[in-house]
Structures are given as C-alpha cells and as structure tokens.
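Counting convention: from 1, in listed order, for ligands and their atoms alike.
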Amino acid sequence: GKTITVALVGNPNCGKTTLFNYASGSKERVGNYAGVTIDAKEARFKQDDYTFVISDLPGTYSITEYSPEELFVRNQIAEKRPDVVVNVVDASNLERNLFLTTQLIDMNIKVVIALNMYDELEQKSAKLDYTHLGEMMGIPIVPTVASKGKGLKALFDRIIEVYEERDPIVRHIHINYGEEIEKSIQNIQQELKKDDQKRKKYSTRFLAIKLLEEDQHTLNLLTDSPVFEVVKQIANEETARLEKKFEDQSETLIADAKYGFIAGALKETYRNGPQVRRDQS
Ligand code: GDP
Ligand code: K
Ligand code: MG
C-alpha cells in the first residue's frame, strides 16, 4: 500500500496530542513543549491499504516568525512538505482557531480540518454548518471528539480522499485582501514567478503576502534568487504604499482581512445555542 505523511497543526490545547495518541495507539505521553527542545513526535499506523506517518507538532496560533515554535511549524510544513496537513481546530473557539487556517489557505497545500471538541459545540447547542464552511474554504471538515476516538476513522478516510485528489470539496481559494492589497500581491508575485525554482517549491502568493508583512524569514529564503533585489524593492515600495494609504501597518491590514474572511464565513454557517440562565442550574 501507499504511505501518507500527515502533520497535525493547530492552536495549543485543541487536542492534537490526544488525536495523535488515539490514532496511532501511542502510549507515549507527550507533554507540553515549554522548556523542552521543540520537535515533532512521530508515529506510524495502518488504515485499510494505507500506512500513515503522523507527526504531532507544537501548538501555535499563527505561523509567522514570532516564536521558535511558529518557525518550526512553518518549516515542517513548507520545507518538509507532509502529504496532508491536518489542521486541528477547537470547535468551541472557532474564530481564533481559524486564523491559522487562513494562513494554510495562503500556502496552497493539502489540508483537512479535524473539527475537534465537537462535543463541546453540541453541549452548547450551537449549530455549525461545517459542510458549507468547508466549501467556502475549499477544505474538507470532519467533526471529531479525539478524547473518545470519535470521528477519527472518518478523518483518516477523508485524508486518503484528499491525498488521492478525489475529494469534491477541495479547491484552491484565495482570501480576498481587498483591491489595494491584491494589487500589491500581484506586483510582487509577478516578479517572483520569474524564479522557476522558487515557484515550483512555494506558493508565490504565500511568499508575496509574507513579504508584504515584512517577514524576515521569507526574505532570507529568497536571498539566493536571481530576482531577489527586484522583489525586495517592489515589496518595500508596496508595503510603503499600503501603509501610507491606510495609515496602518501592512501586517495589521492583512490580519484584519483574514479576520474579516472568518467573520463572514461564520456569519453564514454558525449559530449560537440558546443562552442558559445561571439561576436555573
Ligand atoms: P494539544 O495541546 O493540542 O496537544 O491538546 P491535548 O491533546 O493536550 O488536549 C488538551 C485537552 O483537551 C486535554 O485535556 C484533552 O483530554 C482534551 N480533549 C482533547 N480532545 C477533546 C475533545 O474532542 N473533546 C473534549 N471535550 N476534550 C478534548
Ligand atoms: K480544553
Ligand atoms: Mg500537545
């Protein structure tokens, strides 16, 4: 059979390690990464004809470059290139968890969302049309309760579908950053695309967005590129243009657009449960 490499990515405390242990039958206790060398725990297991090599990555709210954990996770995704990234999302904290998802969307990689803590959503009697939310993001969403092993068979079945490029939900969407930011992205991307090696290895849209965020790590990735000097200059010009026009940091503008996308998607798909009055309990 085939081997599929899978990386678990998500915020701290969303249930990654629980899912990892349950799926792989691992008895190993994976504690917090605080104070410990940052690494990825790896395990292997079979489902049907497939062997999964699954890794449990440190929890992060974002994949920028502000902490060693974030950089580690980013490199695991962008350089190690797992076949499928499982974005573990805490269903009881959607808005915050989906921020990381918007960054994965920019990276244009194969993603499946494990909508974990689904029991907590049900307890609140909240309603989420996760099929529609998945359609809007181009990412299949599978509800799971990792602590009870619920939904995990369905999750790995879905990973196979995505890996084999048979999943009808999967499509590459662009988060719309608004006319001006899109113009800037395009100008940078146009130049980046002249570098065949980089365009094969990375999503040029992701690189362009990161450059607009003045991300040093991305600049470092490009120092060996024949278009480096030109790209750097265009990125500086575009960043300055946006910051002047909107009187805000370009990184903030991009984050605002991401939260706008999430708010719009949840407005269409999420309904809060009825408020419970405290004095009744
Ligand atoms: P990680 O930081 O993402 O690795 O999260 P952990 O796997 O350490 O889980 C954090 C906590 O959430 C633990 O107490 C788990 O037992 C609990 N947990 C994990 N999955 C679920 C779930 O689906 N539902 C509920 N209610 N709790 C869960
Ligand atoms: K929790
Ligand atoms: Mg963990």
Side-chain angles (χ1 to χ4, degrees), residues 5-45 47 52-64 66-77 80 82 84-104 111-131 133-134 139-159 269-270 272-273 276 281:
T5 56
V6 174
L8 300 181
V9 172
N11 290 9
N13 278 316
C14 63
K16 292 178 298 303
T17 301
T18 308
L19 199 160
F20 173 88
N21 285 341
Y22 212 107
S24 64
S26 166
K27 304 233 156 38
E28 190 163 11
R29 260 203 92 70
V30 185
N32 268 330
Y33 288 85
V36 185
T37 316
I38 300 162
D39 68 350
K41 282 276 179 293
E42 212 174 83
R44 211 170 246 278
F45 69 98
Q47 178 162 312
F52 291 97
V53 178
I54 179 173
S55 52
D56 181 24
L57 302 185
T60 52
Y61 295 105
S62 167
I63 33 176
T64 49
Y66 295 116
S67 69
E69 287 85 357
E70 290 187 11
L71 255 187
F72 179 82
V73 170
R74 184 164 156 186
N75 283 328
Q76 289 284 314
I77 299 171
K80 233 184 142 195
V84 179
V85 166
V86 171
N87 179 200
V88 184
V89 162
D90 176 352
S92 66
N93 217 327
L94 283 169
E95 199 157 354
R96 196 181 62 188
N97 276 253
L98 290 175
F99 187 75
L100 183 59
T101 311
T102 63
Q103 296 181 319
L104 298 173
V111 181
V112 176
I113 289 179
L115 183 65
N116 198 40
M117 313 263 180
Y118 195 69
D119 52 335
E120 294 194 6
L121 192 95
E122 287 184 315
Q123 262 165 38
K124 286 196 291 189
S125 302
K127 291 265 177 295
L128 175 69
D129 185 348
Y130 56 82
T131 304
L133 180 62
I139 299 174
I141 299 181
V142 182
T144 59
V145 183
S147 50
K148 293 189 174 139
K150 278 193 190 164
L152 299 190
K153 169 80 168 80
L155 175 66
F156 284 88
D157 282 343
R158 208 65 189 263
I159 293 168
T269 55
Y270 183 81
N272 262 321
V276 180
S281 59

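Inclusion of Asn13 in the first shell of the Mg ion (ligand 3) is not supported: no N, O or S atom falls under 2.8 Å.
Within ligand 1, the atoms closer than 4.0 Å to a non-hydrogen atom of Glu120 are 26 (N), numbered from 1 in the order shown. Applying the 4.0 Å criterion to heavy atoms of Lys16 picks out, from ligand 1, the atoms 1 (P), 2 (O), 3 (O), 4 (O), 5 (O), 7 (O). Distances below 4.0 Å separate heavy atoms of Val145 from the following atoms of ligand 1: 22 (C), 23 (O), 24 (N).
Ion pair Lys80/Glu42 flagged as a salt bridge, since at least one NZ, NE, NH1 or NH2 atom sits closer than 4.0 Å to an Asp/Glu carboxylate oxygen.
The only option from Leu8, Leu57, Leu104 that meets the side chain to side chain contact (heavy atoms under 4.5 Å, CB included) definition with Val85 turns out to be Leu104. Just one residue in the list Val86, Thr101, Leu100, Val89 forms a side chain to side chain contact (heavy atoms under 4.5 Å, CB included) with Val9, and that residue is Leu100. Ile113 pairs in a side chain to side chain contact (heavy atoms under 4.5 Å, CB included) with only one of the listed residues (Val142, Ile139, Leu133), which is Ile139.
Between Asn116 and ligand 1, at least one N/O pair is under 3.5 Å apart. Any N or O atom pair closer than 3.5 Å counts here, and Gly15 shares at least one such pair with ligand 1. Checking only distances, Met117 does come within under 3.5 Å of ligand 1, N or O to N or O. Residue Asn13 has at least one nitrogen or oxygen atom sitting less than 3.5 Å from a nitrogen or oxygen atom of ligand 1, judged on distance alone.
Heavy-atom distances between Cys14 and ligand 1 reach below 4.0 Å in at least one pair.
The shortest distance between side-chain heavy atoms of Leu19 and Leu155 falls below 4.5 Å. Residues Gln76 and Pro82 are not in side-chain contact: their nearest non-hydrogen atoms beyond the backbone lie 4.5 Å or more apart.
Side chain of Asn97 to main chain of Asp90: a donor-acceptor pair is present (N/O by atom type, distance under 3.5 Å, no hydrogens or angles).
Nearest to atom 16 (O) of ligand 1 by heavy atom, out of Asp119, Thr18, Val9, Leu57, is Thr18.
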